[in-house]
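Here's the structure we're looking at; comments come further down.
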Amino acid sequence: VNRRAIVTGAGGGIGGATARRLAADGIEIGLFDIDAAAAHAVEADIVAAGGRAKAFVVDCGDPKAVTAACDSFAAALGRPDILVSGVAYERHGGLLQSEVADIRRALEITVVGAYALLQQVARSMLSSGGRILVISSPHAVKPFANAIGYNLAEAALRQLALTAAHELAPYRIAVNLVEPGWTDTPGERRHYSEEFLARSAASLPWGRRASPEEIAAAVAWLVSPEAAYVSGTTLRVDGAMAVSMARLPGV
Ligand SMILES: NC(=O)c1ccc[n+]([C@@H]2O[C@H](COP(=O)([O-])OP(=O)(O)OC[C@H]3O[C@@H](n4cnc5c(N)ncnc54)[C@H](O)[C@@H]3O)[C@@H](O)[C@H]2O)c1
């Protein structure tokens with residue numbers, strides 16, 4: 001069967017690895033990214049490896065642009081069977097330092113953009129079902145310090161996905177979350193130095209960060225025919241990071 005997927009943030013670390021993996025599994029990919037060069041580079045990789053992909057340059061934080069890109073995808077490739085939503089706005093800042101504009105931007109890109117995307121894609125899946133996968137974050141449930149906008153937006157994004165899972169079950173549209181732990185991506189290199197990344201990796205329970213391919217493997221299973229009855233759940237891929245966070249002070 002010829003399956004088609006929209007992957008957002010597909011020019012980045014986790015999105016790019018997911019797009020490559022799903023393409024290797026025989027799925028035709030629409031690569032949505034605001035960065036044209038990054039999206040086209042992943043498109044070229046997939047095509048060179050014998051897969052099928054097409055880049056769409058879109059700001060996923062702009063609902064009108066999302067609608068237009070979904071329409072272009074449908075015109076070029078047809079109805080999507082799978083959506084992987086992986087765009088989030090990440091700017092560090094705590095309660096005391098952040099600006100209202102930052103909080104608004106985080107909610108606009110991470111939540112409103114994803115809402116518009118899920119709504120439009122779900123509408124196109126009503127008659128034949130589908131899979132929606134949202135890339136989540138530990139911040140959705142753990143309030144990390146110095147990331148207030150990201151924390152708020154990730155919590156809302158999680159609730160968006162779970163509400164969608166509830167409402168879309170009668171249409172056989174499965175909605176799940178993959179929650180990566182700390183993953184080695186170009187995005188992380190914008191926030192932290194190489195020296196810090198090397199030092200902090202050693203202190204993780206697994207002794208290293210996840211690779212984007214390890215996150216992509218979880219996505220690939222959740223959108224595979226085998227996982228048809230899995231909906232409304234979160235698959236955490238974090239090398240035991242979350243369970244290792246709770247400690248008695250000083251122990
Ligand atoms: N890297 C981690 O440790 C980690 C952990 C948990 C969750 N996540 C989540 O995984 C997702 C991907 O993270 P990553 O580390 O691979 O990031 P990344 O920076 O490597 O890639 C992000 C991609 O999204 C694109 N993008 C950004 N804003 C966009 C917009 N408005 N419209 C369209 N495209 C846009 C960028 O151009 C880039 O190609 C994010 O949702 C992030 O919150 C990452």
Side-chain angles (χ1 to χ4, degrees), residues 6-21 29-43 45 55-70 72-73 83-92 104-118 133-142 144 147 149-158 160-161 177-192 196-197 200-201 204 206 208-216 218-219 234-239 241-242:
I6 293 173
V7 178
T8 75
I14 291 172
T18 299
R20 288 185 181 91
R21 169 62 198 262
I29 315 291
L31 306 152
F32 283 25
D33 206 289
I34 200 168
D35 181 337
H40 283 109
V42 176
E43 180 192 79
D45 277 3
F56 297 86
V57 180
V58 51
D59 177 355
C60 290
D62 174 356
K64 283 204 179 79
V66 166
T67 301
C70 289
S72 304
F73 175 96
L83 166 66
V84 181
S85 178
V87 165
Y89 177 79
E90 187 169 2
R91 174 171 295 183
H92 291 179
R104 286 222 168 95
R105 198 78 191 115
L107 294 172
E108 255 167 38
I109 294 182
T110 309
V111 186
V112 180
Y115 158 80
L117 180 67
L118 263 68
L133 195 293
V134 173
I135 304 295
S136 184
S137 161
H139 292 245
V141 278
K142 295 242 189 272
F144 282 56
Y150 190 73
N151 293 346
L152 294 174
E154 287 294 331
L157 179 66
R158 174 179 159 78
L160 167 68
L177 298 123
V178 163
E179 186 183 306
W182 206 358
T183 309
D184 251 318
T185 65
E188 293 308 296
R189 296 196 148 65
R190 275 194 300 278
H191 294 294
Y192 305 108
F196 174 79
L197 285 171
S200 55
L204 290 171
W206 211 262
R208 65 167 177 83
R209 273 180 292 281
S211 71
E213 290 72 24
E214 287 168 325
I215 309 304
V219 175
T234 302
L235 180 49
R236 196 191 273 155
V237 186
D238 76 342
M241 187 173 90

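For the numbers below, each heavy atom of this structure counts, side chains included, while hydrogens, waters and symmetry mates do not. Numbering of ligands and ligand atoms starts at 1, following listing order.
With sequence neighbours left out, the ring-ring contact (aromatic ring centres under 6.0 Å, His included) criterion links H191 to H92. Annotation: ring-ring contact (aromatic ring centres under 6.0 Å, His included) contacts of H40 (sequence neighbours excluded): none.
Proximity annotation for atom 10 (O) of ligand 1: of D35, V42, I135, I135 comes nearest, heavy atoms only. Closest to atom 12 (C) of ligand 1 by heavy atom, among G86, G16, G11, A69, is G86. When G181, S137, G187 are ranked by how near their heavy atoms come to atom 5 (C) of ligand 1, first place goes to G181.
The closest side-chain heavy-atom distance from D33 to V58 is not below 4.5 Å. For the pair E179/V237, no side-chain contact is recorded, criterion being any heavy-atom separation below 4.5 Å from C-beta on. Here the side chains of L83 and L117 are in contact, with some heavy-atom distance below 4.5 Å. Side-chain contact between F32 and I6 is present, with heavy atoms from C-beta onward closer than 4.5 Å.
In the vicinity of R190, heavy-atom distances shorter than 4.0 Å reach the ligand 1 atoms 19 (O).
Note on ligand 1: Y89 sits outside its first shell, no heavy atom being nearer than 4.0 Å. For S136, the heavy-atom gap to ligand 1 drops under 4.0 angstrom. In this structure, E188 has a heavy atom closer than 4.0 Å to ligand 1. Within the structure, the closest approach of H139 to ligand 1 does not fall below 4.0 Å when heavy atoms are considered.
Taking distance alone, with nitrogen or oxygen atoms compared against 3.5 Å, F32 stays at or beyond that limit from ligand 1. Taking distance alone, with nitrogen or oxygen atoms compared against 3.5 Å, I14 approaches ligand 1 more closely than that limit. Checked against a 3.5 angstrom limit, the closest N/O atoms of I34 and ligand 1 fall inside it. For the pair D33 and ligand 1, the shortest N or O to N or O distance falls below 3.5 Å. When only interatomic distances are considered, the shortest N/O to N/O separation between Y150 and ligand 1 falls below 3.5 Å.
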Open item on the list: D184 vs R208, test: salt bridge (Lys or Arg N to Asp or Glu O under 4.0 Å). Steps then yes/no.
Closed with: CA-CA 9 Å; D184 251 318; R208 65 167 177 83; over 6 Å; no
Open item on the list: For R158 and T234: C-alpha separation, side-chain torsions, deciding distance, then whether side-chain hydrogen bond (donor to acceptor under 3.5 Å, both in side chains) applies.
Closed with: CA-CA 9 Å; R158 174 179 159 78; T234 302; 3.0 Å; yes
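At a heavy-atom distance under 4.0 Å, no atom of E90 approaches ligand 1. For A88, heavy-atom contacts with ligand 1 shorter than 4.0 Å involve the backbone as well as the side chain.
Interatomic distance, CD1 of I135 versus OG of S85, reported as 8.5 Å (0.5 Å rounding).
Atom 21 (O) of ligand 1 has as its closest protein heavy atom G12 CA, 3.2 Å. Scanning the protein for heavy atoms near atom 3 (O) of ligand 1, the closest one is T183 N, 2.8 Å. In terms of protein heavy-atom proximity, atom 24 (O) of ligand 1 is closest to G9 CA, 3.4 Å. At the shortest separation from atom 20 (O) of ligand 1 among protein heavy atoms lies G13 N, 2.9 Å. In this structure, atom 14 (P) of ligand 1 lies nearest to the protein heavy atom T185 OG1, 3.6 Å.
Residues R236 and S136 bring no donor and acceptor atom of their side chains to less than 3.5 Å of each other.
Heavy-atom neighbours of R91 CZ from other residues, nucleotides or ligands within 6.0 Å: at or below the threshold of 12.
Note on ring orientation: taking the six-membered ring where Trp is involved, the planes of Y150 and H139 are perpendicular (angle over 60°, cut-offs 30° and 60°).
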